[in-house]
Every structure is written in C-alpha cells, then in structure tokens.
Amino acid sequence: MRNVTEDTITRAVIARHAGAPDARLRDLMTSLVQHLHAFARETRLTEAEWFEGIRFLTEAGHITDDKRQEFILLSDTLGLSMLVTAQNHSKPNGCTEATVFGPFFHPEAPHYAHGADVGHGAPGEPCYVRGSVRSLDGTTLADAEIQVWQADADGRYDMQYPGLEAPRARGVLRSGADGRFHFKSIVAESYPIPHDGPVGRMLDALGRHPWRPAHLHFMIKAAGHDTLITHVFRNGDKYLDSDAVFGVRQSLIQDWVRHEPGPTPDGSVSGLPFYTLDFDFVLSRS
Ligand code: BEZ
Ligand code: FE
C-alpha cells in the first residue's frame, strides 16, 4: 500500500499483520496499534513529545538489568500490573485477595521451621507473625508452602544492599497439620519504590510520590488450589490511600499490635517493645 494518510495508516498497519501465524499475537498487536494511534490522534501528539517518549523508554532500557526492572516499575506505577493481577486473579467471595508481585521476590529464599527468625539480622523492631491457611470451604490446608518477604526498618529489601551475601527478612515455611504457621521477623516499614531512574522522574513530573505503605509479601501454594500472591498491609500507614503501585485492598489491611517489653508468643522475654500480627489466608480451589 502506498500513499498512506493520517486516516488510512491504522488500517494499513493492521492489514500488514493479517498473516501472522499466531492468532493471539495478531489480536494483541491489532488492539495495541489501534490504541496507540488513537492516543496520538486524541492528544495531537507533537514530534517533540513523541521523541521525549522514545528518550524515556531508551533510559528505562539502559537502567534495566538483572536486578533493576524499570519497565515493571513503569507498569506498576501506571496501574497496569494491578489491572492485570485483578483481571487474572478475581476470586470467589471469602478468598484472600491477590495483589501485585513486585520485583523483590527471590526464588531461592531459605527454608525455616515454625517459630524461626526469618528476619535473620535485618534491622527492625521484633514482630511475631501467626497465621493459617485454609480452603474456601473451611478445610485446613496442611503442608502449604508459605513464602514471605519484606522490607526492613530502613525500608529496604535484602537485595537492595550491595554485597549482602545472606538473605534477610525472607523465607519459606510450611503450614502444620492444623494449617497453621508462625515465625518471628521484624516490623515492615513503608518505603519508596526505586525512584532514581526515569520512572522516578516521571512520578516527580506528575506530582506523585514513590511510597508504598508498609506490608509483608506472601506467596502461598497448596495442592489443588490457586497459588495466592498477596500482601498484608499495616493498618494506620499514611500511604494506604496513595500506594505508588495501587496495590492496597481493604481486606488485606491488618493491625500490627504493639506490646510493651515482656513475655513474647515464643516463650521468651523481650527487653524491647514488640509486635504481633495475625492473618488467616483463604485459598480458592483450582
Ligand atoms: C514491592 O512491593 O515490593 C514493590 C511492588 C511494586 C514496585 C516496587 C516494589
Ligand atoms: Fe514490597
């Protein structure tokens, strides 16, 4: 096709994809081209603005490596990650809701026995976490795999400390015969998502902050059930209504209960104030 115009270019591009052997790819690209062109038409995109967009994506590419994923941060801060999570993991009423995965999961976290100190030296006030895993019909789920990971008192994940060898504030446990689990860790604090790159500058230019409310990440796997990827958020956090990545669900907010120094749930005596957190997870059958 020659002499494409402002009015015919969209159809021309889509027609060029007609022979794509993968029908799903063809449908995705057709829709993407339609929306991209509609955006340029609706905004009367200028050449300078188009080039600024190219420059932004180039910078995002340059800062991305195996530890830093700027494109996921972009997706998160534009609400795309939460939208995809919501539409792929809508659960029956009564199940624990899912939320974003985030970039700080590590597949090789240490395995711990019940009651262990998952914090493993990470800075923070002590926190005793107790929970259970059950199916929507109330059946307790024994031997479920529970992965937990969290930021420390400085709002950083272990992998954000250059040169830190041993994993901290992350681990894998298994629920007991009664579906329950418990571990010691530290109190999670709110933290800014990495914002020293193009996504941070974008947030700044939009008058947005990069903060996430304090939370614990959980990934729970049980036979015959959908894997649950979620957080438990700390009640009272000042960022609950302005999470930089739109991940907060009311049903996932819980009290971290503060206790004065004294006897702790694991039978020891703490000389410092400590916290307890209780949360029960409900999984849907697959
Ligand atoms: C997180 O909760 O770990 C996270 C999620 C999205 C972007 C950055 C961090
Ligand atoms: Fe997080």
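For the numbers below, each heavy atom of this structure counts, side chains included, while hydrogens, waters and symmetry mates do not. Both ligands and their constituent atoms are indexed starting at 1 by order of listing.
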Contact table, ligand 1 N/O with protein N/O, distance under 3.5 Å:
| residue | atom | partner | partner atom | Å |
| --- | --- | --- | --- | --- |
| ligand 1 | 2 (O) | Tyr191 | OH | 2.6 |
| ligand 1 | 2 (O) | Arg212 | NH1 | 2.5 |
| ligand 1 | 2 (O) | His215 | NE2 | 3.1 |
| ligand 1 | 2 (O) | His217 | NE2 | 3.0 |
| ligand 1 | 3 (O) | Tyr157 | OH | 3.4 |
| ligand 1 | 3 (O) | Tyr191 | OH | 2.8 |
| ligand 1 | 3 (O) | His217 | NE2 | 3.1 |

- Message: Between Ser185 and Gln150, is the side-chain hydrogen bond (donor to acceptor under 3.5 Å, both in side chains) condition met? List the steps.
- Response: CA-CA 9 Å; Ser185 190; Gln150 66 166 108; 2.6 Å; yes
- Task: Check step by step if side-chain hydrogen bond (donor to acceptor under 3.5 Å, both in side chains) holds for Arg249 and Thr230.
- Result: CA-CA 10 Å; Arg249 322 287 306 165; Thr230 195; over 6 Å; no
- Message: Short of 2.8 Å from the Fe ion (ligand 2), name each protein N/O/S atom, waters not counted.
- Response: Tyr157 OH, Tyr191 OH, His215 NE2, His217 NE2
- With sequence neighbours left out, which residue pairs that include part of residues 158-190 fulfil the ring pair (Phe, Tyr, Trp, His ring centres under 6.0 Å) condition? His114-His182
- Does the ring of Tyr275 carry Arg234 above it, NZ/CZ under 6.0 angstrom from centre and within 45° of its axis? yes
- Message: Less than 4.0 angstrom from a charged side-chain N to a carboxylate O is my criterion; do Arg11 and Glu6 meet it?
- Response: no
- Query: Which atom names give the shortest non-hydrogen contact between Ala151 and Ile186, and what distance separates them?
  - Reply: O-CD1, 4.2 Å
- Please work out whether the ring planes of Trp149 and His217 are parallel, tilted or perpendicular, with thresholds of 30° and 60°. parallel
- Asp196 and Arg68 ion-paired at < 4.0 Å: yes
Please table the atom pairs, donor to acceptor, closer than 3.5 Å between any side-chain atom in residues 123-138 and protein atoms at least two apart or in another chain.
| residue | atom | partner | partner atom | Å |
| --- | --- | --- | --- | --- |
| Arg130 | NE | Asp278 | OD1 | 2.9 |
| Arg130 | NH2 | Asp278 | OD2 | 3.1 |
| Ser132 | OG | Asp280 | OD1 | 2.7 |
| Ser135 | OG | His225 | NE2 | 2.8 |
| Asp137 | OD1 | Thr139 | N | 2.9 |
| Asp137 | OD1 | Thr139 | OG1 | 2.5 |
| Asp137 | OD2 | Thr139 | OG1 | 3.3 |

